[in-house]
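These notes are about the structure you will find just below.
Values below: all heavy atoms of this structure, side chains included; hydrogens, waters and symmetry mates excluded. Treat the numbers as computed from the prediction; the structure is a model and nothing was measured.
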Amino acid sequence: MTTLRVCFVGDSLLLGTGDDDFLGWPGRVMQREREAGHELTMYNLGIRGDTSSMIASRWRAECEARLPAENWCALVFSFGCNDMAMDDGQLRITVEESVATARQMMAEAKAWLPTLWIGPMPVNDDDMPFS
């Protein structure tokens with residue numbers, strides 16, 4: 001059986017900030033897949049508070065260090081909520097910059113490996129104008 005290596009790249013929602021089991025949703029997904037008999041290696045590369053621009057500057061190097069060409073690998077991204085957070089009355093990232101950054105990242109990622117983007121996740125936060 002071939003082991004699938006998966007990098008989950010994103011922010012605190014991916015990381016599982018506040019999760020008492022320290023798994024986040026990626027950890028739970030991978031647990032279920034392992035229980036189903038799949039051979040997996042998971043890398044959770046979530047960083048609390050990261051915006052799409054911050055993720056764009058780091059994702060490729062972090063993933064390349066973990067996903068050798070000779071292995072079966074995939075990428076899962078989850079980000080966007082921090083872009084829409086307010087900071088001193090302004091969005092942390094403009095909607096236009098957020099969309100452009102996401103398009104660029106997803107184009108580069110899918111040209112390299114099978115890629116999935118989940119999000120942005122809905123949040124219930126008064127500091128986010130689009131929640």
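- Using modelled atom types, no side-chain atom of Asp11 and backbone atom of Thr51 make a donor-acceptor pair closer than 3.5 Å.
- Within the structure, the ring pair (Phe, Tyr, Trp, His ring centres under 6.0 Å) test picks out no pair touching residues 88-110 (sequence neighbours left out).
- One hydrophobic cluster, built from ILVMFWY side chains closer than 4.5 Å, cannot hold both Phe22 and Met42; they sit in different ones.
- At least one side-chain heavy atom of Gln31 sits less than 4.5 Å from a side-chain heavy atom of Leu23.
- A continuous path of ILVMFWY side-chain contacts below 4.5 Å connects Leu45 to Met106, so both sit in one hydrophobic cluster.
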Which side-chain N or O atoms in residues 84-92 pair as donor and acceptor under 3.5 Å with protein atoms at least two apart or in another chain?
residue : atom : partner : partner atom : Å
Arg92   : NH1  : Gly49   : O            : 2.8
Arg92   : NH2  : Gly49   : O            : 3.1

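- Shown here for Trp25 and Leu14, the closest heavy-atom pair between the two residues is NE1-CA, 3.8 Å.
- By the side chain to side chain donor-acceptor pair (under 3.5 Å) test, Thr101 pairs with no residue at all, sequence neighbours left out.
- With Ser12 contributing its side chain and Leu15 its backbone, the two residues share no donor-acceptor pair below 3.5 Å.
- Across every non-hydrogen atom of Cys73 and Pro68, the tightest pair is SG-O, 3.8 Å.
- Between Glu97 and Ser53, the shortest heavy-atom distance links the atoms OE2-OG, 3.0 Å.
- Ser78 places no side-chain N or O within 3.5 Å of a backbone atom of Gly10 that could act as its donor or acceptor partner.
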Applying side chain to side chain contact (heavy atoms under 4.5 Å, CB included) to Leu13 and Cys81, what does each step give before you reach the verdict? CA-CA 8 Å; Leu13 294 178; Cys81 290; 3.5 Å; yes
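- Taking hydrophobic clusters as Ile, Leu, Val, Met, Phe, Trp and Tyr residues chained together by side-chain heavy-atom distances below 4.5 Å, Met54 does not share a cluster with Phe79.
- Leu75 is linked by a side-chain contact (heavy atoms from CB on, under 4.5 Å) to Cys7, Trp59, Cys63, Leu67, Phe77, Ala109, Trp112, Leu113, Thr115, counting only residues two or more places apart in sequence or in another chain.
- Cluster annotation: Trp72 and Val76 are assigned to the same hydrophobic cluster (Ile/Leu/Val/Met/Phe/Trp/Tyr, side-chain heavy-atom contacts under 4.5 Å, transitive).
- Under the side chain to side chain donor-acceptor pair (under 3.5 Å) criterion, Glu33 pairs with His38, not counting sequence neighbours.
- There is a path of hydrophobic side-chain contacts, each under 4.5 Å, that joins Leu116 to Phe8.
- Judged as a salt bridge (charged side-chain N to carboxylate O under 4.0 Å, His left out), and not counting sequence neighbours, the contacts of Asp50 are Arg58.
- Here Thr41 pairs with Thr3, Arg5, Tyr43 under the side-chain contact (heavy atoms from CB on, under 4.5 Å) rule; sequence neighbours left out.
- In this structure the side chain of Thr17 reaches within 4.5 angstrom of the side chain of Arg48, judged on heavy atoms.
- Each salt bridge (Lys or Arg N to Asp or Glu O under 4.0 Å) pair with one or both residues in residues 102-116, not counting sequence neighbours, appears once here: Arg60-Glu108.
- A salt bridge (Lys or Arg N to Asp or Glu O under 4.0 Å) check over residues 17-30, counting only residues at least two apart or in different chains, returns the pairs Asp19-Arg28, Asp21-Arg28.
- One side chain, Ser52 or Asp83, offers a donor N or O that lies under 3.5 Å from an acceptor on the other.
- Between Val6 and Met30 the shortest side-chain heavy-atom distance falls below 4.5 Å.
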Between Glu62 and Val9, is a side chain to side chain contact (heavy atoms under 4.5 Å, CB included) present by the stated rule, with each step listed? CA-CA 9 Å; Glu62 290 181 7; Val9 182; 5.7 Å; no
